[in-house]
Amino acid sequence: MILNRGAKWTITGMLALTALAPVNAAAPKTNWLMTFTETAAGGYIVGNPAAPTKLVEYASYTCSHCAEFEIETVPVLKSQNIAGGKISFEIRTLVRDPFDLTIAMLARCGGKGRFFGNHKLFMSKQSDILGNTSKISPQTDAKLKAGNVAGFMTDVYGQLGLKPLAAQRGISDVAAKACFADKMALQKIIAMTELSGSKYAITGTPAFLINDKLLPHAHDLASLQAALAAE
C-alpha cells in the first residue's frame, strides 16, 4: 500500500495526539485483604500496616473461643473494618500447651503470605485435631520430657491428624519437619507468649489490643466494633 504525503501527515498527527493525550485511568486500588506483614513482635498482619487503628488478637490453637472468633467474627471484621485500609488486624500466638505449640509452628510454615490461610484451616478443624490427643504415644511424650521438642512436634503432626490438613495447604512432610526444627520461629512464639503476660497481663484467649492497649471487656463482634469506632 502506497501512502500519499497527506495521508502520512494525517497518520503522524494522530499518533502524536494519542501520545500527548492525558491518561485518565485510575490508579489500581490496593487489596488490603491480600496485604500481609510480619511485625517486630513476631505476629502477622492482614491489612494496611500503616493503618491508624491497629487491632491485635492473642490467640491459642487449643482455645475453643479463638476458633469461634476466627470462624464467625474475623470474616465480618475483614469485610467491614479491614478491607478499607483504616484498620489492620494482627494475630499473635499465646501458647498454652505443647499441642498448641505444634499447631502454631505449623501455621507459620510459608511465612506471612501463607499464615492466615493456615490459621483459618487449623482453627476450623480444631475439634477434630484435639479429638486425637488420646492417640499421642508414650514414646512421643518421652521425647518432650527429654527436651526433644522438634521430635515431639514431628510425631504429634502425624498423631493429631495434622498431616492431611497441612497437605491441603501445600505443606509437605519435609517442609513441616523443617518448620518444627525452625529455632527462630520457636523463639518468636515463645517471645509473643511471654510478652502477653509481662506487658499486657493477659490471662486468657482470645485477648484483644487496640493501638497497644488491652481491651479487657471486648470478646465479641459488637464490643470490638464499638471499641474500633471509638478510636
Problem set entry | Pair H119 + Y61: ring centers closer than 6.0 Å | yes
Problem set entry | CD1-OG1 distance between I129 and T133, expressed to the nearest 0.5 angstrom | 11.5 Å
Please list, one pair per line, the donor and acceptor atoms closer than 3.5 Å that link side chains of residues 101-110 to other protein atoms, with sequence neighbours excluded.
{"from": "T102", "atom 1": "OG1", "to": "P98", "atom 2": "O", "distance (Å)": "2.9"}
{"from": "R108", "atom 1": "NH1", "to": "G42", "atom 2": "O", "distance (Å)": "2.8"}
{"from": "R108", "atom 1": "NH2", "to": "E38", "atom 2": "OE2", "distance (Å)": "3.3"}
{"from": "R108", "atom 1": "NH2", "to": "G42", "atom 2": "O", "distance (Å)": "3.1"}
{"from": "R108", "atom 1": "NH2", "to": "Y44", "atom 2": "OH", "distance (Å)": "3.4"}

Problem set entry | Linked, directly or transitively: L214 and L224 (ILVMFWY side chains, under 4.5 Å) | no
For this session: Only counting residues at least two apart or in another chain, list the ones meeting side chain to side chain contact (heavy atoms under 4.5 Å, CB included) with T62.
Result: R96, D97, F99, D100, L130
Seminar exercise, completed: Residues at least two apart in sequence or cross-chain that pass side-chain hydrogen bond (donor to acceptor under 3.5 Å, both in side chains) with S223, listed by chain then number, are D220
Problem set entry | Option among F115, F89, F116 that satisfies the ring-ring contact (aromatic ring centres under 6.0 Å, His included) test with F36 | F116
Problem set entry | Minimum side-chain heavy-atom gap H65-T205 below 4.5 Å | no
For this session: Scan for disulfide bond (SG atoms under 2.5 Å apart) pairs involving residues 195-231, sequence neighbours excluded, and state none if there are none.
Result: none
Exercise. Are M184 and L195 linked, directly or through other ILVMFWY residues, by side chains that come within less than 4.5 angstrom of each other?
Worked result: no
For this session: Could you check if a side-chain atom of Q159 sits within less than 4.5 angstrom of a side-chain atom of S137, using non-hydrogen atoms only?
Result: yes
Problem set entry | Heavy-atom pair of closest approach, residues E90 and T39 | OE2-OG1, 2.8 Å
Problem set entry | I171 vs L165 side-chain heavy atoms within contact, under 4.5 Å | no
Problem set entry | Sequence neighbours excluded, every pair satisfying salt bridge (Lys or Arg N to Asp or Glu O under 4.0 Å) that has a member inside residues 205-216 | K199-D212
Exercise. Strictly under 6.0 Å, is that where the ring centroids of Y200 and F208 end up?
Worked result: no
Show me, pair by pair, the donor-acceptor contacts under 3.5 angstrom made by side chains of residues 172-179, not counting sequence neighbours?
{"from": "S172", "atom 1": "OG", "to": "A175", "atom 2": "N", "distance (Å)": "3.1"}
{"from": "D173", "atom 1": "OD1", "to": "Y157", "atom 2": "OH", "distance (Å)": "2.7"}
{"from": "D173", "atom 1": "OD2", "to": "K163", "atom 2": "NZ", "distance (Å)": "3.1"}

Exercise. R114: what forms a side-chain hydrogen bond (donor to acceptor under 3.5 Å, both in side chains) with it, not counting sequence neighbours?
Worked result: none
Exercise. Under a single-linkage definition using a 4.5 Å side-chain heavy-atom cutoff for Ile, Leu, Val, Met, Phe, Trp and Tyr, are I202 and I190 assigned to the same hydrophobic cluster?
Worked result: no
Problem set entry | same_hphob_cluster(F152, L160) at 4.5 Å side-chain heavy-atom cutoff | yes
Exercise. Which distance, rounded to the nearest 0.5 Å, do you find between the OG of S196 and the CG of L94?
Worked result: 3.5 Å
Problem set entry | T93 side chain near V95 side chain, heavy-atom distance below 4.5 Å | yes
Exercise. Is there side-chain contact between L215 and L209, with at least one heavy-atom pair below 4.5 Å?
Worked result: no
Exercise. Which residues pass the side-chain hydrogen bond (donor to acceptor under 3.5 Å, both in side chains) test with Q187, sequence neighbours left out?
Worked result: none
Exercise. If you measure from CD1 on I82 to CG on L77, what distance do you get to the nearest 0.5 Å?
Worked result: 5.5 Å
Acceptor/donor pairs from residues 45-58 side chains to any protein atom, 3.5 angstrom cut, sequence neighbours excluded:
{"from": "N48", "atom 1": "OD1", "to": "A50", "atom 2": "N", "distance (Å)": "2.9"}
{"from": "N48", "atom 1": "ND2", "to": "G85", "atom 2": "O", "distance (Å)": "3.0"}
{"from": "K54", "atom 1": "NZ", "to": "P49", "atom 2": "O", "distance (Å)": "2.9"}
{"from": "K54", "atom 1": "NZ", "to": "A51", "atom 2": "O", "distance (Å)": "3.0"}
{"from": "Y58", "atom 1": "OH", "to": "R92", "atom 2": "NH1", "distance (Å)": "3.1"}

Problem set entry | Minimum heavy-atom distance Q126-S60, with the two atoms named | NE2-O, 4.4 Å
For this session: Enter the distance from M153:CE to T140:OG1 here, rounded to the nearest 0.5 Å.
Result: 12.5 Å
Exercise. If Ile, Leu, Val, Met, Phe, Trp and Tyr residues are connected whenever their side-chain heavy atoms lie under 4.5 Å apart, and connections chain through other members, are V76 and F69 in the same group?
Worked result: yes
For this session: Please identify each residue that fulfils disulfide bond (SG atoms under 2.5 Å apart) with C63, with sequence neighbours left out.
Result: none
Problem set entry | salt bridge (Lys or Arg N to Asp or Glu O under 4.0 Å) partners of residues 127-149, not counting sequence neighbours, each pair once | K143-D155
For this session: Working to the nearest 0.5 Å, report the span between OG1 of T193 and CD1 of I189.
Result: 7.5 Å
Exercise. Listed by chain and number, what are the side chain to side chain contact (heavy atoms under 4.5 Å, CB included) partners of S79, not counting sequence neighbours?
Worked result: none
Problem set entry | Q80 versus Q225, side-chain donor and acceptor atoms under 3.5 Å | yes
Exercise. How long is the span from the CD1 atom in I136 to the CD atom in Q139, to the nearest 0.5 Å?
Worked result: 11.5 Å
